[in-house]
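What follows is a short report on a single structure.
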Amino acid sequence: MAGDVYERVMDLARRRGFVWPTSEAYGAVAGFIDYGPLGAMMKRRIEDTWRNFFVIREGFYEIECPTIGQEAIYVASGHVKGFTDKMFQCPHCGEFFRADHVVENGGHCEHAAALDEESLARELAEIPCPVCNETIGEVTVFGFSLMFRTSIGPGSQRTGYLRPETAQGIFTDFARLLRFYRDKLPFGVTQIGKSYRNEISPRQGMIRLREFTQAEAEIFVHPDRKEHPDFDRYADYRMPLLGYPAQLAGTGATEMSMAEAVRSGTVANEYVAYYLALTHEFLMRVGISPDRLRFRQHLPDERAHYAEDCWDAECLSDRFGWVETVGIADRTDYDLRAHASHSGEPFTVFIQYPEPIRRTETRVVPRMGALGPRFRGSAKAIAEAIAATDPASIPGDGGFVVTVGGNAIEIGPELYDVREVEVEVQGEEVMPHVIEPSYGIDRILYSILEHSFGEEQLEDGSRTVLHLPPAIAPIQVAVFPLMSRDGMDGLALEIVRELKSSGLMAEYDDSGAIGRRYRRQDEIGTPFAVTVDYDSLEDGTVTLRDRDTMRQVRLPRSRLALTCIELCTGRLRFNDLE
RNA sequence: GCGAUAGUAGUCUAGUGGUAGGACAGGGGCUUCCCAAGCCUCUAACUCGGGUUCGAAUCCCGGCUAUCGCACCA
């Protein structure tokens with residue numbers, strides 16, 4: 001068969017209804033895909049497995065925010081400014097360039113990224129084009145935003161953006177989420193949904209999409225307590241880690257336990273290590289092959305300046321090489337701090353001390369008995385101003401001036417006392433740090449297809465198989481009558497109904513020879529096939545066939561549904577039945 | 001985005017300025033059958049738009065998509 005693995009996998013995906021180009025009736029659009037019947041089913045199963053890990057097991061409730069957000073959110077998050085490239089087109093040769101890069105390389109300016117469009121255009125006028133070498137001359141510099149922009153409501157009064165990541169919804173809901181979790185750290189919140197990036201030139205199939213699905217968890221932790229309360233679960237979990245020193249030295253990944261990884265400083269803290277291991281377990285569960293999976297630490301210049309540590313789970317693709325499918329970062333308090341300063345809301349948690357801290361402070365205490373008669377209605381405001389005065393700023397002779405309502409008021413020593421006061425501090429406001437595991441569902445789904453894709457030579461011919469885990473396979477059980485006569489078809493249909501009512505996705509097929517039907521199901525990854533034959537009519541047994549080994553066992557129909565459920569949930573393996 | 005190349009049933013492919021053919025897949029039947037068997041039969045295509053021409057799937061221009069190279073990839 002022609003083509004590389006990517007081509008053969010995508011051909012299968014199109015033909016059998018996993019993924020195809022969008023809106024082909026009008027010509028497809030690059031960077032957008034449609035999930036067909038089997039793909040949508042498989043994607044949902046991946047998402048449900050993810051929910052099982054993060055929502056059910058970790059207890060991080062899922063929320064759902066709009067995909068359109070008002071401009072202020074993305075001004076605060078830095079996307080409006082940082083997610084834009086200033087570009088221009090050479091009027092002579094038509095090439096597009098990053099304006100700041102050309103200006104910097106032209107030697108005219110050292111920090112061109114800080115210049116506005118007009119200044120960049122002025123600088124560019126004198127510079128030769130890097131491609132055609134003509135002096136650029138008069139040119140327009142425009143911002144190319146990777147965010148899709150839209151307007152909210154009639155009259156285009158309000159700018160909105162399609163979210164470039166799901167995370168911001170969780171950050172902007174922080175105060176309500178904190179209350180939901182009853183004001184305690186740590187807590188985690190998840191969201192699965194579409195995000196949008198207007199990529200300049202998306203050309204890697206499902207790998208770089210303009211609309212894609214993210215599954216993100218934001219875990220809010222105390223900045224000084226990055227020991228994971230459940231770290232024991234993964235302390236001895238071993239997996240290969242490719243830290244940045246190893247990348248710089250050109251050595252390979254080192255296998256180590258998570259406890260060792262934290263102890264040796266390879267991974268910054270227990271939280272990051274915990275989610276590295278959880279991610280490893282998750283990816284294997286959904287069908288990523290462990291020998292085509294690695295965890296790579298970001299190099300210091302690759303990492304965002306605020307991130308304390310950042311790792312990517314990368315899946316090996318035959319065509320694309322190592323593809324980033326999951327990012328796990330300790331983002332510190334960067335996001336919450338940004339939203340706090342832009343919104344004016346606190347974005348902090350009040351952490352009560354185990355014991356209140358008592359200390360003595362020197363305070364200026366107003367004498368209300370003297371202030372009241374003298375200042376009457378203004379006395380309260382003046383007393384507050386006096387109390388707020390720093391005792392150290394009061395000159396030796398005792399008099400000072402406070403400003404209340406724009407009026408300077410002379411305060412004599414008879415109006416206040418300076419004395420030692422005992423104060424009790426119950427706790428402090430803390431801005432949590434954020435641990436963020438962020439999963440690219442589309443890339444994971446593609447990687448699973450590629451990793452599970454097999455073309456096998458058999459004694460008589462060949463077969464194409466997707467070795468999908470049963471929990472991910474779109475269809476779990478196929479049911480065939482050996483022949484569609486003598487009541488075998490009726491019995492098979494009855495079995496399909498029974499399996500479906502047990503919650504399994506079952507499919508009936510009586511078309512063509514039995515071998516052909518097995519092949520059809522192999523190709524879409526259906527893990528199990530049930531065949532109804534003449535014996536079934538006699539004694540009520542059926543055969544159950546395993547996709548990967550092509551072996552069969554015979555079992556009574558009465559045990560079929562439960563057996564299939566146990567096989568699909570992994571409580572039972574097929575060779576336990578043999 | 002720029003440049004090069006390409007686009008024929010679901011898939012692969014033949015063809016060429018004058019009737020678009022095959023294989024596989026798919027549907028219906030026959031066969032009665034446990035790993036793509038056989039026979040009959042049916043469905044189904046020239047990427048889209050414009051131009052040249054008596055006539056265009058074929059030649060020209062443009063769009064779209066794909067592949068490759070360049071640029072881009074927070």
Side-chain angles (χ1 to χ4, degrees), chain A residues 1-4 6-8 10-17 20-33 36 74 77-85 87-90 92-98 101-102 113 129-132 142 144-147 164-165 195 197-205 207-210 302-305 319 324 327 456 458-465 478 480-486 488-489 509-523 529-536 542-547 549-554:
Chain A
M1 201 187 276
D4 63 6
Y6 169 80
E7 257 172 81
R8 300 209 292 283
M10 291 311 283
D11 175 59
L12 167 61
R14 270 193 304 275
R15 239 173 344 98
R16 299 307 305 274
W20 52 58
T22 190
S23 63
E24 284 180 293
Y26 291 95
V29 185
F32 296 95
I33 54 166
Y74 300 108
S77 70
H79 285 94
V80 168
K81 195 157 182 288
F83 220 53
T84 309
D85 292 337
M87 298 186 74
F88 73 97
Q89 185 178 25
C90 171
H92 312 292
C93 65
E95 273 289 347
F96 281 82
F97 300 96
R98 285 275 297 267
H101 287 185
V102 173
C129 167
V131 165
C132 68
F142 58 93
F144 183 83
S145 174
L146 273 335
M147 283 199 293
E165 58 179 27
S195 293
R197 296 176 194 185
N198 201 1
E199 299 284 354
I200 295 170
S201 172
R203 279 211 299 189
Q204 296 162 47
I207 302 299
R208 261 178 83 204
L209 293 170
R210 287 177 166 139
E302 179 182 8
R303 192 167 68 202
H305 64 275
R319 171 176 290 200
E324 176 195 345
E456 297 173 5
L458 305 175
E459 282 167 26
D460 44 355
S462 64
R463 66 167 187 159
T464 304
V465 199
F480 312 138
L482 189 59
M483 288 158 279
S484 48
R485 62 189 292 176
D486 299 331
M488 283 182 270
D489 45 355
D509 187 3
D510 65 2
S511 161
I514 189 83
R516 178 183 295 275
R517 288 178 258 165
Y518 286 137
R519 294 291 196 276
R520 279 194 198 116
Q521 296 297 331
D522 288 342
E523 199 182 37
V530 172
T531 302
V532 174
D533 56 18
Y534 280 109
D535 291 345
S536 311
V542 293
T543 62
L544 183 63
R545 180 252 197 192
D546 177 54
R547 174 196 65 206
T549 61
M550 294 169 64
R551 287 213 291 269
Q552 284 179 299
V553 295
R554 182 165 279 278

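Scope of the values below: all heavy atoms of this structure, side chains included, with no hydrogens, waters or symmetry mates. Convention: sequence-line order gives letters A, B, ...; per-chain numbering from 1.
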Checklist entry - Which value, in whole Å, describes the distance between the C1' atoms of nucleotides B/C42 and B/G62? => result 40 Å

Checklist entry - Over how many whole Å does the gap from A/R485 atom CZ to B/U31 atom P extend? => result 7 Å

Item to check | Side chain proximity check, A/I33 to A/T22, heavy atoms < 4.5 angstrom | outcome: no

Checklist entry - What closest approach, in Å, do A/E199 and A/R210 show between heavy atoms, and which atom pair accounts for it? => result O-NH2, 2.8 Å

Next on the checklist: B/C33, OP1 or OP2 - any side-chain N/O from A/Y534 closer than 4.0 Å?
Outcome noted: no

Item to check | Check: A/F32 and A/S23 side chains under 4.5 Å, non-hydrogen atoms | outcome: no

Checklist entry - Rounded to the Å, how far apart are A/R208 CZ and B/A71 P? => result 14 Å

Checklist entry - So, the side chain of A/D486 versus the backbone of A/M488: is there a donor-acceptor pair under 3.5 Å, distance only? => result no

Checklist entry - What integer number of Å spans the C1' atoms of B/G51 and B/U11? => result 33 Å

Next on the checklist: Does any part of the side chain of A/R319, heavy atoms only, come nearer than 4.5 Å to the side chain of A/Q204, both counted from C-beta?
Outcome noted: no

Item to check | Pairwise P distance, B/G55 and B/G29 [rounded to whole Å] | outcome: 47 Å

Next on the checklist: Regarding B/C64, can its base be found pairing with the side chain of A/Y26 as donor and acceptor, where the two atoms are less than 3.5 Å apart?
Outcome noted: no

Next on the checklist: Distance check needed: B/C72 C1' versus A/N198 CG, whole Å only.
Outcome noted: 12 Å

Checklist entry - Which parts of nucleotides 36-43 of chain B does protein reach within less than 4.0 Å, heavy atoms only, written one letter per nucleotide 5' to 3' as B for base, S for sugar-phosphate only and - for none? => result BS------

Next on the checklist: Within the structure provided, determine whether A/L458 and A/M550 are in side-chain contact (heavy-atom separation under 4.5 Å).
Outcome noted: yes

Checklist entry - How far, in whole Å, is B/A56 from B/U65 if one measures between their P atoms? => result 27 Å

Checklist entry - Is A/R14 reaching over with its side chain to a backbone N or O of A/W20, donor-acceptor style, under 3.5 angstrom? => result no

Item to check | Nearest-Å distance for atom pair CZ/P, residues A/R8 and B/C24 | outcome: 21 Å

Checklist entry - B/C35 base to A/R545 side chain: any donor-acceptor pair below 3.5 Å? => result yes

Checklist entry - Once Watson-Crick and G-U wobble pairs under 3.5 Å are found, how is RNA chain B written in dot-bracket notation, 5' to 3', with | for any base paired to another strand? => result (((((((..((((....[..)))).(((((.......)))))....(((((..]....))))))))))))....

Next on the checklist: Strictly below 4.0 Å: does A/S484 bring a side-chain N or O up to OP1 or OP2 of B/U32?
Outcome noted: no

Next on the checklist: Testing the basics here: between A/D510 and A/P481, what is the closest heavy-atom pair and its distance to 0.1 Å?
Outcome noted: CB-CG, 3.7 Å

Next on the checklist: Heavy atoms only, 4.0 Å cut-off, all strands: where does A/R319 land among base, sugar-phosphate and nothing?
Outcome noted: sugar-phosphate

Checklist entry - Quick one: which of B/U32, B/C34, B/U11 gets closest to the side chain of A/R554? => result B/C34

Checklist entry - When you compare B/U67 with B/U47, how far apart are their C1' atoms, in angstrom units rounded to a whole number? => result 16 Å

Checklist entry - How long is the line joining CG of A/D509 and C1' of B/G26, in whole Å? => result 12 Å

Checklist entry - Is A/Q552 touching bases, backbone alone, or none of the nucleic acid, heavy atoms closer than 4.0 Å? => result base

Checklist entry - Base, sugar-phosphate, or nothing: which does A/Y6 touch, judged by heavy atoms less than 4.0 Å apart? => result sugar-phosphate

Checklist outcome for this item: Here the distance between atom P of B/G10 and atom CZ of A/R14, to the nearest Å, is 12 Å

Next on the checklist: Whole angstroms only, please: what is the CZ-P distance between A/R15 and B/A25?
Outcome noted: 11 Å

Checklist outcome for this item: Which of A/R485, A/R554, A/R545 passes salt bridge (charged side-chain N to carboxylate O under 4.0 Å, His left out) with A/D533? It is A/R554

Checklist entry - For atom P, what is the distance between B/C35 and B/C40, given to the nearest Å? => result 24 Å

Checklist entry - Of all residues at least two apart in sequence or in a different chain, which pass the side-chain hydrogen bond (donor to acceptor under 3.5 Å, both in side chains) check with A/R519? => result none

Checklist outcome for this item: RNA chain B nearest-nucleotide lookup for A/S511 and A/V532: closer to the 5′ end is A/S511

Checklist entry - Which residue lies toward the 5' end of RNA chain B, A/E165 or A/A28, if each is placed at its nearest nucleotide? => result A/A28

Checklist entry - Quick one: which of B/U11, B/U65, B/C33 gets closest to the side chain of A/V29? => result B/U65

Checklist outcome for this item: In this structure, OG1 of A/T464 is separated from CZ of A/R8 (nearest 0.5 Å) by 8.5 Å

Checklist entry - A/D509 and side chain to side chain donor-acceptor pair (under 3.5 Å): which partner among A/Q521, A/R517, A/R520? => result A/R520

Checklist entry - When rounded to the nearest Å, what value does the distance between P atoms of B/A25 and B/G38 take? => result 8 Å

Checklist entry - When rounded to the nearest Å, what value does the distance between C1' atoms of B/U31 and B/U16 take? => result 42 Å

Checklist entry - With sugar-phosphate meaning primed atoms plus P, OP1 and OP2, does A/D486 contact a base, only sugar-phosphate, or nothing at under 4.0 Å between heavy atoms? => result nothing

Checklist entry - How close or far is atom P of B/G26 from atom CZ of A/R16, stated in whole angstroms? => result 8 Å

